Visitor: 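Shown below is the structure under consideration.
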Amino acid sequence: MDKIQMKTPLVEMDGDEMTRILWQMIKDDLILPFIDLKSEYYDLGLKHRNDTNDAVTLDAAKATEKYGVAVKCATITPNAARVKEYDLKEMWKSPNGTIRAALDGTVFRAPIVVKGIDPNVRTWKKPITIARHAYGDVYKAVEIKTDRPGKAELVFTADDGTVTKEVIHEFDGPGVIQGQHNINASIESFARSCFEFALETKQELWFSTKDTISKKYDHTFKDIFADIYEKEYKAKFEQTGITYFYTLIDDAVARVMKSEGGFIWAIKNYEGDVMSDMVSSAYGSLAMMTSVLVSPRGVYEYEAAHGTVQRHYYKYLEGEKTSTNPVATIFAWSGALRKRGSLDSIPELEEFADKLENATIKAIEDGFMTKDLAAISADPNKQVLNSEDFIKKIRENLE
């Protein structure tokens, strides 16, 4: 059959370990036989990042800005053990963090819901999308560990020389100090990305912080969201028939646990990181979670929300066929292809993305799944497949 033709390349970011193996399997069996793939390839595997002094990561981010759509494999964020294992020049930063900062994007993560795998929270009927701010807070924090008494101060020196000081704490012994920051421009981008995504997906938008305690830091987030909503989005929301509301994060957690789902929950950086893991775990698996980085400039980067599956990779290197779940990576590809098709007015590409996702869900709902899903599936006739056979089953459905 004729392959679907593309007009504009999408940016392809390869990754590490078991997900890198799955990446190639997915391309070979589910993408290349059906699409004349045009992609600008960047190897974000840890060895190549080290060889290029991590310049390849910034190059990939710049290409994403240029072409508008990217798809990314899971990558290693090195710790001390990885520095030794890969003989790294230094402990390179998280590629995801670097790309998020470069694109000024917001991460939207939502579970992939299939019949037979019920959420642990019995009231949840629809997916809950976590909108995570992707700049600052603890991820850009500066820390000091002290082993003696002393006074810690927060000091801001303005360009005109004006100095503002606040005493953090007077230590009478050892302790730790942390300084966090954020910038209004990034918070504004976060707000606009959330409002735009809510309008695009026609979902209710919640936003929550702890402004009763953090009366300047968190309250700034609250105020910026409120101001942008009133000036730019209130009429659009009312016209679309969706709502936006703010509440304390304590109240939001309580509401979420008793809700049916089907909304977007916008949260700051750290809380978004934690809550997206909570939501994905409650719905079944991190490997059943979509993730898309959305820039307010209309740039999209699709990825899997999980890690590189190191333990399975070592088994794979020993010749063992592993039952690693590739669904989130498949949906990263389908999301990127759908968006590319939408931006380039190629309906066949959008339809293919839908068919790929449907073929994947059908395989699971027909009882064919990887080991992690079999452990939580209610299907009495389920059959556990290794990754390769699972992908081939999807290929059968797709054909």
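From a predicted model like this one, the values you see are computed outputs, not experimental measurements.
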Visitor: Minimum heavy-atom separation for R100 to A134, with atom names?
Guide: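 Scanning both residues completely, I find the closest heavy atoms to be CD-CB, 3.5 Å.
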Visitor: Classify the angle between the aromatic ring planes of H169 and F171 as parallel (below 30°), tilted (30 to 60°) or perpendicular (above 60°).
Guide: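 H169 and F171: perpendicular rings.
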Visitor: Taking atom types as modelled, find out whether E188 and N184 have a side-chain donor-acceptor pair closer than 3.5 angstrom.
Guide: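 No, no side-chain donor-acceptor pair sits under 3.5 Å.
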Visitor: Side chains of S208 and D251: closer than 4.5 Å at any heavy-atom pair?
Guide: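 SC-SC contact between S208 and D251 ruled out.
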Visitor: Are any of the side-chain heavy atoms of L293 and T106 separated by less than 4.5 Å?
Guide: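 Side-chain contact under 4.5 Å: no.
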Visitor: Please indicate whether Q239 has more than 12 foreign heavy atoms, meaning atoms of other residues, nucleotides or ligands, lying under 6.0 Å from its CD.
Guide: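 No - once you tally the heavy atoms of other residues, nucleotides and ligands closer than 6.0 Å, there are 12 at most.
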Visitor: What residue pairs, at least two apart or across chains, pass ring pair (Phe, Tyr, Trp, His ring centres under 6.0 Å) with a residue in residues 313-370?
Guide: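 Ring pair (Phe, Tyr, Trp, His ring centres under 6.0 Å) check on residues 313-370 returns W23-W333, F34-F352.
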Visitor: For N269 and G136, which heavy atoms make the closest approach, and how far apart are they?
Guide: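 Between these two residues, the closest heavy atoms are ND2-O, 3.2 Å.
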Visitor: Please check if atom NZ in K382 has more than 12 non-hydrogen atoms from other residues, nucleotides or ligands closer than 6.0 Å.
Guide: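 For K382, atom NZ is crowded (more than 12 foreign heavy atoms under 6.0 Å).
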Visitor: For the hydrophobic clusters of this structure (ILVMFWY residues joined by side-chain heavy atoms under 4.5 Å, transitively), does one cluster hold both I35 and L30?
Guide: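 Yes, I35 connects to L30 through the hydrophobic network.
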Visitor: Could you work out, with salt bridge (charged side-chain N to carboxylate O under 4.0 Å, His left out) as the rule, every residue matching D218, not counting sequence neighbours?
Guide: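 Testing D218 for salt bridge (charged side-chain N to carboxylate O under 4.0 Å, His left out), a comparison that skips the adjacent residues, returns K268.
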Visitor: Would you check if there is a donor-acceptor pair between the side chains of T308 and Q310 at a distance under 3.5 Å?
Guide: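 Short answer, no.
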Visitor: Identify whether the distance between the nearest side-chain nitrogen and carboxylate oxygen of E85 and R82 falls below 4.0 Å.
Guide: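 A salt bridge is present here (some side-chain N lies under 4.0 Å from a carboxylate O).
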Visitor: With a 4.5 Å cut-off on side-chain heavy atoms, are V253 and M275 touching?
Guide: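 Yes - at least one pair of side-chain heavy atoms lies under 4.5 Å apart.
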Visitor: Surrounding NZ of K27 (heavy atoms of other residues, nucleotides or ligands, distance under 6.0 Å), is the total greater than 12?
Guide: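 Enclosed.
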Visitor: Would you say V11 ends up clustered with Y41 if hydrophobic residues are merged whenever their side chains have heavy atoms under 4.5 Å apart, either directly or through other cluster members?
Guide: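 No, Y41 and V11 fall in different hydrophobic clusters.
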Visitor: Between E12 and Y42, is there a side-chain donor-acceptor contact under 3.5 Å, judged purely by atom types and distance?
Guide: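 Result is no, nothing qualifies.
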Visitor: Do we see a donor-acceptor contact under 3.5 Å between the side chains of Y217 and D211?
Guide: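 No donor-acceptor contact under 3.5 Å links the two side chains.
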Visitor: For the pair T162 (side chain) and A158 (backbone), establish whether a donor and an acceptor sit closer than 3.5 Å, ignoring hydrogens and angles.
Guide: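 Side chain of T162 to backbone of A158: no pair is present.
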Visitor: When you compare the side chains of D104 and S189, does any donor N or O come within less than 3.5 Å of an acceptor on the partner?
Guide: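 Short answer, yes.
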Visitor: Indicate the atoms forming the closest heavy-atom contact of A304 with T329, along with that distance.
Guide: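 Nearest heavy atoms, A304 then T329: CB-OG1, 3.8 Å.
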Visitor: Please give me the minimum heavy-atom distance between M288 and I364, naming the atom from each residue.
Guide: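 It is CE-CD1, 3.9 Å.
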Visitor: Between the side chains of T57 and D54, is a donor N or O closer than 3.5 angstrom to an acceptor N or O?
Guide: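 There is such a pair (donor and acceptor under 3.5 Å, judged by atom type) between the side chains of T57 and D54.
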Visitor: Could you measure the distance from the CG atom of N325 to the OG atom of S387? Nearest 0.5 Å is fine.
Guide: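 Answer for the CG-OG pair, N325 versus S387, is 8.0 Å.
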Visitor: Can you check whether I330 reaches I394 side chain to side chain, under 4.5 Å on heavy atoms?
Guide: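 In short, these two side chains touch, coming nearer than 4.5 Å.
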Visitor: Could you check whether E301 and T64, counting side-chain N and O atoms only, form a donor-acceptor pair closer than 3.5 Å?
Guide: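 No, E301 and T64 have no side-chain donor paired with an acceptor closer than 3.5 Å.
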Visitor: For the residue pair T75 and G15, what are the closest heavy atoms and their distance?
Guide: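 Minimum heavy-atom separation between T75 and G15: CG2-CA, 3.8 Å.
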Visitor: I need the full list of ring pair (Phe, Tyr, Trp, His ring centres under 6.0 Å) pairs touching residues 104-152, with sequence neighbours left out, sorted by first then second residue.
Guide: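 Those involving residues 104-152 are F108-F197, W124-Y283, H133-F190, H133-F221, Y135-H181.
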Visitor: Using distance alone, with no hydrogens and no angle criterion, decide if N96 and K72 have a side-chain donor and acceptor under 3.5 Å apart.
Guide: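 Their side chains do contain a donor-acceptor pair, which is all the 3.5 Å distance test asks for.
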Visitor: Is it true that, when you exclude D172 itself, more than 12 heavy atoms of the residues, nucleotides or ligands shown sit nearer than 6.0 Å to its CG?
Guide: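 No, because the 6.0 Å sphere around CG of D172 holds 12 heavy atoms or fewer from other groups.
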Visitor: Which atom names give the shortest non-hydrogen contact between A74 and G307, and what distance separates them?
Guide: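 Heavy atoms only, the tightest pair is CB-O, 3.5 Å.
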Visitor: Please determine whether residues V327 and V71 belong to a single hydrophobic cluster, defined as Ile, Leu, Val, Met, Phe, Trp and Tyr linked transitively by side-chain heavy-atom distances below 4.5 Å.
Guide: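 Same hydrophobic cluster.
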Visitor: Do side-chain atoms of N50 reach the backbone of K89 as a donor and acceptor pair under 3.5 angstrom?
Guide: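 Yes: the side chain of N50 pairs with the backbone of K89.
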Visitor: Taking the six-membered ring for Trp and the full ring for Phe, Tyr or His, determine whether the centres of F195 and F237 are under 6.0 Å apart.
Guide: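 Between F195 and F237, the centre distance is under 6.0 Å.
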Visitor: Just by modelled atom types, is the A55 backbone N or O under 3.5 Å from a matching donor or acceptor in the N53 side chain?
Guide: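 No; judged by distance alone, with no hydrogens or angles, the pair does not exist.
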Visitor: Hey, could you give me each pair passing ring pair (Phe, Tyr, Trp, His ring centres under 6.0 Å) that has a residue in residues 247-272? Not counting sequence neighbours.
Guide: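 Qualifying pairs, neighbours excluded: W206-F263.
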Visitor: Using 4.0 Å as the upper bound for N to carboxylate O, is an ion pair formed by E396 and K393?
Guide: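 The answer is yes: the pair qualifies as a salt bridge.
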Visitor: Side chains of T370 and D372: do they bring a donor and an acceptor to under 3.5 Å?
Guide: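 Distance-only check passes for T370 and D372.
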Visitor: Mind jotting down which residue pairs meet the side chain to side chain donor-acceptor pair (under 3.5 Å) criterion with at least one end in residues 336-347? Sequence neighbours excluded, please.
Guide: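 As it turns out, the side chain to side chain donor-acceptor pair (under 3.5 Å) pairs with a partner in residues 336-347, which skip direct neighbours, are T8-D344, E200-K339, R338-D354, R338-E357, R340-D344.
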Visitor: Is the backbone N or O of K231 less than 3.5 Å from a side-chain atom of K234, with the two atoms forming a donor-acceptor pair by type?
Guide: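 Flag not set: sc K234 to bb K231 has no pair under 3.5 Å.
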Visitor: Kindly say whether L103 contributes a backbone atom to a donor-acceptor pair with the side chain of R297 at under 3.5 angstrom?
Guide: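 Between the backbone of L103 and the side chain of R297 there is a qualifying donor-acceptor contact (under 3.5 Å).
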Visitor: Side-chain contact test, heavy atoms from C-beta onward, threshold under 4.5 Å: evaluate it for D36 versus M6 and give yes or no.
Guide: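 SC-SC contact between D36 and M6 ruled out.
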Visitor: With a 6.0 Å cut-off (strictly less than), is the heavy-atom count around CG of D160, excluding the residue itself, greater than 12?
Guide: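 Yes, because the 6.0 Å sphere around CG of D160 holds more than 12 heavy atoms from other groups.
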Visitor: Scan the side chains in residues 142-149 for donor-acceptor partners under 3.5 Å anywhere in the protein, sequence neighbours excluded, and list what turns up.
Guide:
unit_1 : atom_1 : unit_2 : atom_2 : d
E143   : OE2    : Q178   : NE2    : 2.9
T146   : OG1    : R148   : N      : 3.3
T146   : OG1    : R148   : O      : 3.1

